[in-house]
Asker: 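One structure, pasted below without further comment.
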Amino acid sequence: MVAFVGHCISMDRVAKLAAQKAVVVFSVSSCCMCHAVQRLFCELGVSPAVHQLDEDPRGREMERALEKLVGRRAPAPVVFVGGELVGSTDRIMALHLGGKLKPLLRQAGALWL
Amino acid sequence: MPSFASSAGVQNNSTEGNTTNPSRESCFGLLKHSIAVHNDLEATTKQSGQVIISYPSQFGPLTQQPLASVGVTASASKVESLRSHQQKGQQPHLLFLSSQFENWGDSTMADASPRTDTSTDLDIDEKNQMLEQGQLAVAGASDSSDRSKDKRLDQKTLRRLAQNREAARKSRLRKKAYVQQLESSRLKLTQLEQELQRARQQGIFISGSADQSHAVGGNGALAFDVEYARWLEEHNRQVNELRAAVNAHASENDLRSIVDGVLSHYEEIFRLKGIAAKADVFHILSGMWKTPAERCFLWLGGFRSSELLKLLANQLEPLTEQQLMGICNLQHSSQQAEDALSQGMEALQQSLAETLAGSLGPSGSSGNVANYMGQMAMAMGKLGTLENFLRQADNLRQQTLQQMHRILTTRQSARALLAIHDYLSRLRALSSLWLARPRE
């Protein structure tokens with residue numbers, strides 16, 4: 001019961017953080033793939049809010065929550081756009097190549113051009 | 001009285017020729033010496049030319065090498081005239097010289113090698129000085145007096161000693177070279193053994209007949225190379241089929257099925273690469289399975305999508321405005337994605353470097369050993385992400401092809417695939433040409 005509650009709390013925290021900015025990335029400071037995704041957003045002219053799970057006191061639980069969301073262990077980087085879950089690196093890349101990432105960003109107000 | 005400007009002559013001969021055989025020079029020196037001492041003839045030594053001498057067989061291979069050079073005929077005729085001018089009782093000509101050589105050969109060969117070296121220039125100087133003195137002493141005396149004989153012997157001894165030293169030195173150098181050769185061969189042998197061991201571990205059955213059907217399981221480097229070769233063969237076959245269909249103006253449906261076939265075959269290699277990367281990520285990343293030129297321009301274990309799209313822009317006209325925009329955007333997006341992944345890789349490399357550097361420091365304490373282990377474990381973890389990057393890069397490539405197919409018509413896709421194939425196979429051909437190029 002406690003674990004379940006804890007899980008809910010973490011999920012809520014994730015959701016809360018995800019809604020704070022147009023683009024939110026849950027990352028791990030030592031993760032280089034997270035770095036790559038951040039660089040991509042920079043190139044697109046977007047400055048996402050980056051939360052380093054390993055630097056957050058509740059990072060471990062949040063990571064577990066994210067694992068459930070993404071369906072994968074070591075989920076980082078996990079990207080939220082406009083408070084909605086987009087996904088991990090695969091998804092971001094696929095969207096971008098399909099020309100769908102920019103419209104999504106514009107819709108969320110992260111991009112003006 | 002022949003002047004001893006010959007000393008200059010002798011020195012010239014010693015120093016100018018790395019091409020001339022040193023032993024010939026020493027024999028030549030002996031010749032000059034003998035001629036000079038014997039008589040008052042104008043020495044061939046005055047000439048800059050050299051003389052053809054035939055040596056006795058003790059000198060082995062030297063006998064085959066003539067001292068030919070400019071001015072030979074003049075010198076040779078001089079020798080002839082020398083002979084004719086000799087007084088009786090002497091042995092002024094070549095016969096005498098060869099007997100000198102024989103004596104020399106018997107007593108002075110310090111090692112087994114027939115090759116001896118010339119005395120140093122300094123020795124020759126000394127010799128020549130002594131010669132000169134001897135010359136003055138026996139001025140006019142054409143008979144071989146005892147004194148001049150003694151002088152000759154002294155000089156002969158000196159020369160022998162010098163040559164012994166030289167021979168010993170050369171022998172040591174040869175031994176050193178041989179040992180170095182042995183060492184490098186040993187190293188090579190060890191490397192080959194390791195490679196063989198690795199190949200065995202990867203489950204490849206090494207048979208004498210190298211029959212591919214014997215290859216047992218294993219997803220390591222060698223297995224992948226074999227699979228890739230097979231894939232490439234099939235790919236070429238499909239592309240030829242596609243080319244024939246395009247040239248024959250085949251129907252939309254026929255074309256589409258062939259194009260779909262080519263695209264799904266591309267997916268197959270990405271799948272194989274993924275499996276192989278789990279076994280040996282470095283093999284895939286380094287592009288050892290590709291030709292050298294391809295390897296040079298490799299990006300994260302394969303081709304660069306944005307580059308291929310750039311080349312397509314010219315090949316695909318006419319394009320509608322929408323199509324043109326689509327292709328341009330696709331190129332732009334893939335470029336951005338590639339850059340992002342490249343930067344991620346750079347961050348990985350930097351991070352790895354920092355981790356490894358972190359384990360450096362004063363050794364000895366047990367704390368440092370634990371630290372070392374920890375750092376290495378961390379480094380190992382980082383290396384694990386390489387596979388991830390490779391997978392992302394292959395995804396990028398795969399999706400580029402799919403998006404391209406989506407934007408273009410079937411016929412345009414067909415031509416695009418042909419263009420891509422031709423470009424990459426030219427790169428492969430370039431590798432072969434480069435390897436086979438004539439070198440200076």
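Below, chain A is the first sequence line, B the second, and so on; all start at residue 1.
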Asker: Take atom CD of B:Gln350 as the centre, draw a 6.0 Å sphere, and report whether it contains more than 12 heavy atoms from other residues, nucleotides or ligands.
Answerer: no
Asker: Between B:Met345, B:Arg406, B:Gln403, which residue shows the highest count of heavy-atom pairs closer than 4.5 Å to chain A?
Answerer: B:Gln403
Asker: Does A:Gln107 CD have over 12 foreign heavy atoms under 6.0 Å away?
Answerer: no
Asker: Indicate the atoms forming the closest heavy-atom contact of A:Leu97 with B:Leu330, along with that distance.
Answerer: O-CD1, 3.5 Å
Asker: With a 6.0 Å cut-off (strictly less than), is the heavy-atom count around CZ of B:Arg428, excluding the residue itself, greater than 12?
Answerer: yes
Asker: Is it true that atom CD of B:Gln322 has more than 12 heavy atoms of other residues, nucleotides or ligands lying nearer than 6.0 Å?
Answerer: no
Asker: Go through the atoms of B:Asn388 and report whether side chain, backbone, both or neither lie under 4.5 Å from a heavy atom of chain A.
Answerer: both
Asker: A quick test of your reading: do over 12 heavy atoms of other residues, nucleotides or ligands sit less than 6.0 Å from CD of B:Glu321?
Answerer: no
Asker: Count the heavy atoms belonging to other residues, nucleotides or ligands that lie under 6.0 Å from CD of A:Gln20, then report whether that count exceeds 12.
Answerer: yes
Asker: Step by step, would you call A:Met93 with B:Asn395 a side chain to side chain contact (heavy atoms under 4.5 Å, CB included)?
Answerer: CA-CA 8 Å; A:Met93 293 292 180; B:Asn395 279 352; over 6 Å; no
Asker: Can you confirm whether more than 12 heavy atoms, excluding those of A:Arg72, are under 6.0 Å from its CZ atom?
Answerer: yes
Asker: So if I take each residue of residues 23-40 of chain A and look for any heavy atom under 4.5 Å from a heavy atom in chain B, which residues do I end up with?
Answerer: A:Ser30, A:Cys32, A:Met33, A:His35, A:Ala36, A:Arg39, A:Leu40
Asker: Which one, B:Thr385, B:Leu341, B:Asn329, leads in non-hydrogen pairs under 4.5 Å with chain A?
Answerer: B:Leu341
Asker: With only heavy atoms counted, which part of B:Gln336 is less than 4.5 Å from chain A, the side chain, the backbone, both or neither?
Answerer: both
Asker: Taking everything shown except A:Glu43 itself, do over 12 heavy atoms lie less than 6.0 Å from its CD?
Answerer: yes
Asker: Checking B:Thr400 against chain A: side chain, backbone, both or neither under 4.5 Å from a heavy atom?
Answerer: both
